[in-house]
Trainee: 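Structure below; questions to follow.
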Amino acid sequence: MIDVKLLQKNFDETATALMRKKVSAETIAELKSANETLKSAKQAYETLQAKQNELSKLFGQYKKEGKSTDELKAEVDANKVTLGELLDAQRAAEEALDAIIMRVPNIPDADVPDGEDEESNVELRKVLTPPIFSFTPKEHWELAEQNGWIDFEKGVKLAKSRFSVVGGMGARLERALINFMLDFNRERGFEEYSVPMLVNRRALEGTGQLPKFEEDLFKVEEEELYLIPTAEVPLTNLFQDEILASADLPIKMTGYTSCFRKEAGSGGRDVRGMIRQHQFHKVELVAITTQDQSDTVFDEMVACASDLLAALGLPHRLVTLCTGDLGFGAARTVDLEVWLPGQNTYREISSVSNTRDFQARRAKIRYKEDGKNILAHTLNGSSLAVGRTMIAIMENFQQEDGSIIIPDVLQKYL
RNA sequence: GGAUAGAUGGCAGAGCUUGGUUUAAUGCACCGGUCUUGAAAACCGGCGAGGGUCAUACCUCCCAGGGUUCGAAUCCCUGUCUGUCCA
C-alpha cells in the first residue's frame with residue numbers, strides 16, 4: 001500500500017510516479033479526494049465525540065451532586081443520533097478509500113527504466129557462456145519423458161492439466177536441489193524456516209496478493225484459507241503486526257515450500273512441459289530490513305541467487321525489469337533468466353524484488369529507532385524455482401543420447 | 001462433536017462480582033541520568049499503538065463484530081483462537 005500522505009503533500013511528483021506504473025489520472029484523483037473526504041469525515045466525528053465524552057463525564061458528576069440530568073440527557077441523546085450518522089459517513093469514506101488504495105501498485109524506484117513490457121527490460125550482465133552442442137539440443141519435456149523423470153499424463157490423471165508427477169532420478173534430483181539451495185542460502189546468512197502452505201486472508205493482504213489477485217489463488221472451500229502462491233507470503237507475514245528492534249535487522253530468511261497458482265491470466269502459454277505448473281516447488285529468500293539496509297540486502301539476494309546458478313554451472317543473465325514488467329508490490333525487481341538451449345532463449349528462473357515499505361505498511365511491520373516506530377522494508381526473491389532449475393539442468397547438460405549429466409555440487413545430495 | 005476456563009500494553013499480571021479522573025495498577029524487560037576507574041547494585045526519570053496537530057488539544061484501540069447505557073476493559077449476544085476435561 002502506498003502512503004496516501006505523499007499524494008497530499010506532494011501531489012504532482014507522486015502522481016507522475018504512479019502513472020509510470022499505469023495508474024490512471026482518474027484513479028489518482030479519486031484516491032486524493034477519497035482521502036480528503038475521509039479526513040474531514042473523521043474530523044467531524046471526532047469533534048462531536050469529544051463533546052459527547054465531556055457531557056458524559058458531567059453526567060456522572062451531576063448524579064453525584066444530586067443535580068438534575070434531564071437537560072443533559074436531552075442534549076446527549078440528540079448528539080447520539082448525529083454521532084451515529086457521522087460514524088456511518090466515516091466508515092463509508094474508509095471503505096471508499098480502501099477500495100481504491102488496496103488496488104494501487106507500488107511506486108517504482110526513480111531509476112527503474114520506463115517501458116511497456118519485457119522488451120524494455122535492461123540487461124545488467126551475463127554469467128557463464130551458453131554451451132555449444134554438436135547436435136540439436138532437445139527441449140526438456142522430451143528429455144524428461146525419455147529419462148523417465150517426469151510424467152505429465154499422470155499429473156492430469158491425479159489432478160488436471162498443468163500438474164505433473166516427478167519420479168525416479170527426477171524426484172531425487174528435485175530433493176537434492178532443494179537441499180542444496182537451502183544449505184547454500186544458510187551459508188549466506190539466511191535462516192531456514194518451514195512454514196504453513198495455507199494462509200489466511202490477512203496474510204495475503206499483507207503481501208499484496210489480495211484483494212487484487214484473488215482469481216489467481218486456490219482457495220480452500222469454507223475455510224477462508226488459501227494455498228500460498230509463494231513462500232514470500234508466510235515468511236514476510238511472520239512479522240506482521242510486530243515492532244522489531246532495529247538491532248535485530250536485517251532479518252534474512254529462506255524456506256522451501258510448494259507454491260500454488262491458478263495461472264488465470266496465462267492462457268495457452270507454456271502448456272507443454274513444466275515451465276508453468278499449478279503446483280511447483282520453490283526455495284525462497286525473504287528479508288525484513290531497515291530503510292537504510294534494503295538496497296544492500298537486495299544486492300546480496302541477487303548475488304545469492306546468481307551465485308547459486310553459477311555453482312550449478314547454469315548460464316544466465318540478470319535483467320532489471322522496466323516499469324511495465326514490474327509486479328504489483330515491487331519498487332524494483334531484478335530477474336534472473338537461465339539459458340535454455342532447447343528453447344534457445346533465456347527464461348525467468350528467479351525474481352528478486354524490493355517492495356520498500358509497500359508490504360510493511362499493509363502488514364504493519366515496523367522497527368523501533370530512536371524511540372520512533374518506522375515501517376520496515378521487505379524484500380523477496382526466489383532462490384530458484386526448483387522445477388525450472390531441473391529444466392535448465394536437463395537442457396544444458398543433455399548429451400547426444402538424451403542422458404543428462406548432473407552437476408557435481410549436487411552429487412552429495414543424491 | 002460435547003463440556004468448561006480463558007483472551008488486557010515486549011513479557012508476566014491486576015482490574016471485570018459493585019459500569020463513571022482506568023490508557024489501564026504492579027513486577028520484569030527496555031531507554032536516559034546519578035553514583036562508580038568500569039560494570040553490577042541502588043536511586044531518579046522515561047517507557048503501548050494508530051490517527052490528528054507546527055506543537056498541543058483531541059479521537060480510536062483492553063481478541064473481533066454487534067447490543068444495552070448519558071457513559072463499557074467491566075453487563076448481554078455472536079464469532080475466532082487458546083488451555084483443560086469428556087466421547
Side-chain angles (χ1 to χ4, degrees), chain A residues 1-10 31-98 100-102 195-196 198-206 210-211 219-226 234 237-249 251 288 290-291 357-376:
Chain A
M1 180 160 65
I2 64 156
D3 184 2
V4 214
K5 275 186 256 173
L6 281 179
L7 216 48
Q8 224 64 56
K9 262 187 254 169
N10 216 336
L31 190 56
K32 183 167 189 267
S33 80
N35 188 44
E36 279 160 2
T37 307
L38 174 60
K39 249 180 116 163
S40 59
K42 262 192 167 166
Q43 208 173 8
Y45 173 74
E46 286 178 7
T47 308
L48 189 58
Q49 183 65 257
K51 179 101 187 282
Q52 195 76 330
N53 288 345
E54 207 176 304
L55 293 179
S56 286
K57 235 177 238 176
L58 262 186
F59 198 100
Q61 199 181 314
Y62 279 23
K63 277 266 184 195
K64 217 179 276 174
E65 293 168 1
K67 281 203 223 166
S68 162
T69 54
D70 295 352
E71 223 169 289
L72 255 187
K73 183 153 162 47
E75 191 178 356
V76 148
D77 281 342
N79 282 348
K80 215 166 151 182
V81 176
T82 321
L83 218 44
E85 287 162 6
L86 290 174
L87 185 60
D88 288 343
Q90 185 189 314
R91 285 193 178 158
E94 257 161 6
E95 271 173 41
L97 177 62
D98 250 23
I100 304 169
I101 200 168
M102 289 297 272
V195 290
L198 288 166
V199 295
N200 56 34
R201 213 183 151 82
R202 170 86 172 84
L204 286 154
E205 282 171 352
L210 287 180
K219 187 179 180 191
V220 180
E221 286 298 322
E222 296 175 16
E223 273 283 357
E224 273 304 303
L225 289 174
Y226 298 78
N237 280 289
L238 238 29
F239 299 95
Q240 170 198 105
D241 262 323
E242 294 195 13
I243 299 171
L244 303 154
S246 56
D248 292 339
L249 299 178
I251 293 170
I288 316 276
T290 67
Q291 303 205 345
D357 61 11
F358 186 82
Q359 293 179 328
R361 183 171 293 106
R362 291 177 166 226
K364 297 198 172 72
I365 304 171
R366 293 149 294 172
Y367 63 93
K368 207 172 259 299
E369 195 171 77
D370 298 329
K372 283 187 158 182
N373 296 328
I374 301 171
L375 288 170

Trainee: Given the C1' atoms of B/rU84 and B/rA25, what is the spacing between them in whole Å?
Mentor: 29 Å
Trainee: Suppose we screen for side-chain contact (heavy atoms from CB on, under 4.5 Å). Which residues come up paired with A/N35, at least two apart in sequence or across chains?
Mentor: A/V4, A/Q8, A/L97
Trainee: At what distance, to the nearest 0.5 angstrom, does CD1 of A/I251 lie from CZ of A/F239?
Mentor: 4.0 Å
Trainee: Run the salt bridge (Lys or Arg N to Asp or Glu O under 4.0 Å) test against A/D98 and tell me which residues pass, sequence neighbours left out.
Mentor: none
Trainee: Short question: side chain of A/R366, backbone of A/K372 - any donor-acceptor pair under 3.5 Å?
Mentor: no
Trainee: Just how far is it from atom CD1 of A/I2 to atom CG of A/L7, taken to the nearest 0.5 Å?
Mentor: 6.0 Å
Trainee: Each nucleotide N or O in nucleotides 48-52 of chain B that has a protein N or O under 3.5 Å away: list the pair and distance.
Mentor:
residue : atom : partner : partner atom : Å
B/rA49  : OP1  : A/K368  : NZ           : 2.8
B/rA49  : OP1  : A/N373  : ND2          : 2.9
B/rA49  : O3'  : A/R366  : NH1          : 3.2
B/rG50  : OP1  : A/R366  : NH1          : 3.4
B/rG51  : O2'  : A/K42   : NZ           : 3.4
B/rG51  : N2   : A/E46   : OE1          : 3.4

Trainee: In whole Å, I'd like the distance from the CG atom of A/D241 to the C1' atom of B/rC63.
Mentor: 12 Å
Trainee: Could you check whether any side-chain heavy atom of A/I288 comes within less than 4.5 Å of a side-chain heavy atom of A/L244, counting everything from C-beta outward?
Mentor: yes
Trainee: Measure all distances between protein nitrogen or oxygen atoms and nitrogen or oxygen atoms of nucleotides 72-76 of chain B, and list the pairs falling under 3.5 Å.
Mentor:
none

Trainee: Could you state the atom-to-atom distance from CZ of A/R91 to C1' of B/rU60 in whole Å?
Mentor: 11 Å
Trainee: Atom CD of A/E242 and atom P of B/rG9: how far apart are they, to the nearest Å?
Mentor: 13 Å
Trainee: Give the table of side-chain donor-acceptor pairs shorter than 3.5 Å for residues 77-96 of chain A, with sequence neighbours excluded, one pair per line with atom names and distance.
Mentor:
residue : atom : partner : partner atom : Å
A/D77   : OD2  : A/K73   : NZ           : 3.2
A/N79   : ND2  : A/Q52   : OE1          : 3.2
A/T82   : OG1  : A/A78   : O            : 3.3

Trainee: Taking CZ from A/F239 and C1' from B/rG10, how many angstroms apart are they, rounded to a whole number?
Mentor: 15 Å
Trainee: Nearest whole angstrom, please: distance from the P of B/rG65 to the CD of A/E224.
Mentor: 16 Å
Trainee: Taking CG from A/L38 and C1' from B/rU60, how many angstroms apart are they, rounded to a whole number?
Mentor: 13 Å
Trainee: Check salt bridge (Lys or Arg N to Asp or Glu O under 4.0 Å) between A/E224 and all other residues, then give those that pass, not counting sequence neighbours.
Mentor: A/K219
Trainee: Residues in side chain to side chain donor-acceptor pair (under 3.5 Å) with A/T290, at least two apart?
Mentor: A/Q293
Trainee: Distance from A/R362 atom CZ to A/L204 atom CG, nearest 0.5 Å?
Mentor: 10.5 Å
Trainee: Could you list the residues that satisfy side chain to side chain donor-acceptor pair (under 3.5 Å) with A/N53, not counting sequence neighbours?
Mentor: none
Trainee: Which residues pass the side-chain contact (heavy atoms from CB on, under 4.5 Å) test with A/D248, sequence neighbours left out?
Mentor: A/A245
Trainee: Please tell me if A/K51 has a side-chain N or O lying less than 4.0 Å from either OP1 or OP2 of B/rC59.
Mentor: no
Trainee: Between A/Q52 and A/Y45, just flag the one whose closest nucleotide in RNA chain B comes earlier from the 5' side.
Mentor: A/Y45
Trainee: May I ask you to verify if any side-chain N or O of A/N53 is less than 4.0 angstrom from the OP1 or OP2 atom of B/rC70?
Mentor: no
Trainee: With the criterion being N/O to N/O and under 3.5 Å, what pairs connect the protein with nucleotides 78-81 of chain B, and how long is each?
Mentor:
none

Trainee: Could you state the atom-to-atom distance from CD of A/E369 to P of B/rC47 in whole Å?
Mentor: 21 Å
Trainee: Which residues satisfy the side-chain contact (heavy atoms from CB on, under 4.5 Å) test with A/K39, sequence neighbours excluded?
Mentor: none
Trainee: Let me know the distance between CD of A/E54 and P of B/rC59, rounded to the nearest Å.
Mentor: 9 Å
Trainee: Would you call A/K51 and A/E75 a side-chain contact if the rule is heavy atoms closer than 4.5 Å?
Mentor: yes
Trainee: Enumerate all atom pairs, one protein N or O and one N or O from nucleotides 19-23 of chain B, separated by less than 3.5 Å.
Mentor:
residue : atom : partner : partner atom : Å
B/rG20  : N2   : A/S56   : O            : 2.8

